[in-house]
Student: 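One structure is given below, represented as structure tokens, and several questions about it will come after.
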Protein chains: 2
Amino acid sequence: MSRGTAADRRQDLIDAALRVIAREGVGGATTRAITREAGVSLGYFHYVFTSRDELITAVIDEVTDTDRFQGEEGGLAGRSAETDPAGVIEAGLNAYLDLLMASPHREQAMLELTLSALRMPDGQQQAKRQYEVYHRSAAEVLDAIARACGRSWATPVEDLAELLVVMTDGLTTTWLATRDSAAARRGARICAEAVTAHLEPDPVSTGPASLSHRR
Amino acid sequence: MSRGTAADRRQDLIDAALRVIAREGVGGATTRAITREAGVSLGYFHYVFTSRDELITAVIDEVTDTDRFQGEEGGLAGRSAETDPAGVIEAGLNAYLDLLMASPHREQAMLELTLSALRMPDGQQQAKRQYEVYHRSAAEVLDAIARACGRSWATPVEDLAELLVVMTDGLTTTWLATRDSAAARRGARICAEAVTAHLEPDPVSTGPASLSHRR
DNA sequence: GTCTATAATGGGATAGAC
DNA sequence: GTCTATCCCATTATAGAC
């Protein structure tokens with residue numbers, strides 16, 4: 001543990017902080033708890049970071065949840081997008097729900113960090129950047145699905161990406177509060193269908209009707 | 001301020017706590033800040049509550065967000081549900097967004113309180129109860145809409161209520177992070193259409209196609 | 001009931017030894 | 001670089017006066 005560069009130690013502290021926050025919440029993430037978790041002395045903390053706030057900010061910057069739409073992309077590897085686009089989105093949402101249910105504390109930590117960022121100087125911009133990443137990931141997935149099934153979206157992809165982000169966030173908070181996994185799975189299916197309802201009708205076969213996008 | 005029953009003083013402290021939490025976050029809601037806000041002495045706090053945790057628990061119990069689906073019910077007062085059910089839901093979501101945008105700190109406080117409850121003994125049950133209230137409110141609104149337009153839901157109302165709760169939560173966190181009001185409004189419209197897509201087709205006129213609910 | 005005063009703890013941050 | 005020791009402040013909670 002005591003080997004490596006200065007940057008490594010910084011990273012060790014960030015990782016330790018994330019574990020502590022997941023376990024105890026942002027409020028419980030004291031410098032003492034974090035340094036204990038990282039196996040360094042309290043004094044060393046202030047050699048690496050000037051303040052606790054600086055660490056929290058660094059944690060937020062680090063942990064934009066890169067796994068969030070990974071499941072979606074995994075689902076695209078299977079070839080089913082062509083025949084069952086809703087199934088692909090549902091599978092992606094379910095992959096995220098698997099992640100959430102396996103590590104609820106981690107996802108709760110993400111939420112707490114975002115909310116605490118909103119109360120810190122520059123935090124609003126940090127949060128904005130974080131959500132832009134989510135938004136872009138979601139938009140890419142939607143583009144890929146449309147390409148895979150040779151159809152196009154009847155509603156701007158940015159709006160549908162926003163919808164997907166909203167749904168992911170909503171499923172997270174709702175499940176964290178209720179722990180009703182069956183309801184979350186049903187929600188994922190309904191959400192997936194709601195998104196794919198915005199696919200233009202397949203030019204050849206007669207699929208389910210699409211929703212038009214009012215302007 | 002110094003008049004009233006013991007229950008009144010308790011209530012004063014709970015109200016003060018909520019204001020402080022909205023302003024400073026849960027972490028900043030110290031007994032000192034709360035008693036200062038309420039205009040009582042620090043010592044008096046522990047005459048009313050045995051501990052800070054007990055107060056936070058009381059705040060959570062108190063503030064289940066009763067306004068959350070109030071806009072929906074307001075929208076029902078207008079007679080448009082018969083001809084434009086999606087418009088009613090959209091108006092309800094927009095009424096909630098108005099509330100959110102007018103008092104972002106208040107809604108953020110709600111979220112922080114829910115998350116902090118999840119880390120307290122018995123907090124999971126508290127959160128569950130809170131979301132049951134939301135769920136029931138949403139289900140009632142959906143029932144009322146179906147009744148108003150003389151149609152029925154093709155998907156269990158409980159599932160659609162869940163969807164509405166998910167969307168409300170998701171719109172909240174997303175807007176708090178991005179402050180993109182235009183996107184939130186577009187999201188509200190798309191969400192409203194997604195819900196009403198689950199209305200059975202009107203038996204007389206030929207409306208837009210409905211989604212079937214797979215079992 | 002409501003206050004003041006104080007105890008007891010825990011926190012962030014720094015000084016300085018090694 | 002990394003640690004120990006320490007400072008100083010804020011916090012929760014209690015004791016006891018009024």
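Numbers restart at 1 for each chain; the letters A, B, ... are given by sequence-line order, proteins then strands.
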Student: OP1 or OP2 of D:dT11 versus the side-chain N and O atoms of B:Thr31: is any pair under 4.0 Å?
Tutor: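 Indeed not, no polar side-chain atom of B:Thr31 lies that close.
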Student: Over how many whole Å does the gap from A:His46 atom NE2 to C:dT14 atom C1' extend?
Tutor: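 After rounding, the reported distance stands at 8 Å.
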Student: Which nucleotide in the set C:dC3, C:dA13, D:dA13 lies at the smallest distance from any side-chain heavy atom of A:Arg52?
Tutor: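 Closest of the options to the side chain of A:Arg52: C:dA13.
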Student: Taking atom P of D:dG1 as reference, at what distance in whole Å does atom CG of A:Asp8 sit?
Tutor: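 So the CG-P distance, A:Asp8 to D:dG1, works out to 12 Å.
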Student: If I take atom CZ in residue B:Arg10 and atom P in nucleotide C:dG1, what distance separates them, rounded to the nearest angstrom?
Tutor: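 Value for this atom pair: 15 Å.
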Student: Can you measure A:Leu55 atom CG to C:dG11 atom P for me and round it to whole angstrom units?
Tutor: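 It works out to 15 Å between those atoms.
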Student: Can you measure from CZ (B:Phe49) to CD (B:Glu54) and round to the nearest 0.5 angstrom?
Tutor: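 Between atom CZ of B:Phe49 and atom CD of B:Glu54 there are 6.0 Å.
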Student: Among D:dA13, C:dG11, C:dA13, find the nucleotide with the atom closest to the side chain of A:Ser51.
Tutor: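 Per side-chain heavy atoms of A:Ser51, the pick is C:dA13.
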Student: The side chain of A:Val40 lies closest to which of these nucleotides: D:dT14, D:dC3, C:dT14?
Tutor: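 So the side chain of A:Val40 is nearest to D:dC3.
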Student: When you get a sec, tell me which of C:dC3, D:dT6, D:dA13 is the closest nucleotide to the side chain of B:Ser41?
Tutor: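 Among C:dC3, D:dT6, D:dA13, the one nearest the side chain of B:Ser41 is C:dC3.
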Student: For B:Ile34 and D:dT11, what is the distance between atoms CD1 and C1' respectively, to the nearest whole Å?
Tutor: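 For the pair B:Ile34 CD1 and D:dT11 C1', the rounded distance is 12 Å.
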Student: Any donor-acceptor pair, under 3.5 Å, between the side chain of B:Arg9 and the base of C:dG1, if you only look at N and O atoms?
Tutor: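 Answer is no: no donor-acceptor pair is held.
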Student: Can B:Thr172 and B:Tyr96 be counted as having a side-chain donor-acceptor contact under 3.5 angstrom?
Tutor: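 Side chains of B:Thr172 and B:Tyr96: pair found under 3.5 Å.
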Student: For B:Phe49 and D:dT14, what is the distance between atoms CZ and P respectively, to the nearest whole Å?
Tutor: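 Answer to the nearest Å: 15 Å.
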Student: Would you mind telling me which of D:dA13, C:dA13, C:dC3 lies closest to the side-chain atoms of A:Leu42?
Tutor: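 When the side chain of A:Leu42 is considered, C:dA13 is the closest of D:dA13, C:dA13, C:dC3.
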Student: Side chains of A:Asp122 and A:Gln126: is there a donor and an acceptor less than 3.5 Å apart?
Tutor: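 There is no such pair between these side chains.
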Student: Taking the basic N atoms (NZ, or NE/NH1/NH2) and the acidic carboxylate oxygens, is any pair closer than 4.0 Å for A:Arg68 and A:Asp169?
Tutor: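 Result for this pair is yes, salt bridge flagged.
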Student: Tell me which of B:Val48 and A:Ala29 sits closer to the 5' end of DNA chain C, going by the nucleotide each one is nearest to.
Tutor: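 Upstream on the strand: B:Val48.
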Student: Rounded to the Å, how far apart are B:Leu13 CG and C:dC3 P?
Tutor: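 The distance from CG of B:Leu13 to P of C:dC3 comes to 10 Å, rounded to the nearest Å.
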Student: Would you kindly give the CZ-to-C1' distance between A:Arg32 and D:dC7, to the nearest whole Å?
Tutor: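 Result: 11 Å.
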Student: Taking NZ, NE, NH1 and NH2 as the nitrogens, is one of them in B:Arg23 or B:Glu37 under 4.0 Å from a carboxylate oxygen of the other?
Tutor: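 The answer is yes: the pair qualifies as a salt bridge.
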Student: Return the nearest nucleotide to the side chain of A:Tyr47; candidates are C:dA13, D:dG1, D:dA13.
Tutor: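 So the side chain of A:Tyr47 is nearest to D:dG1.
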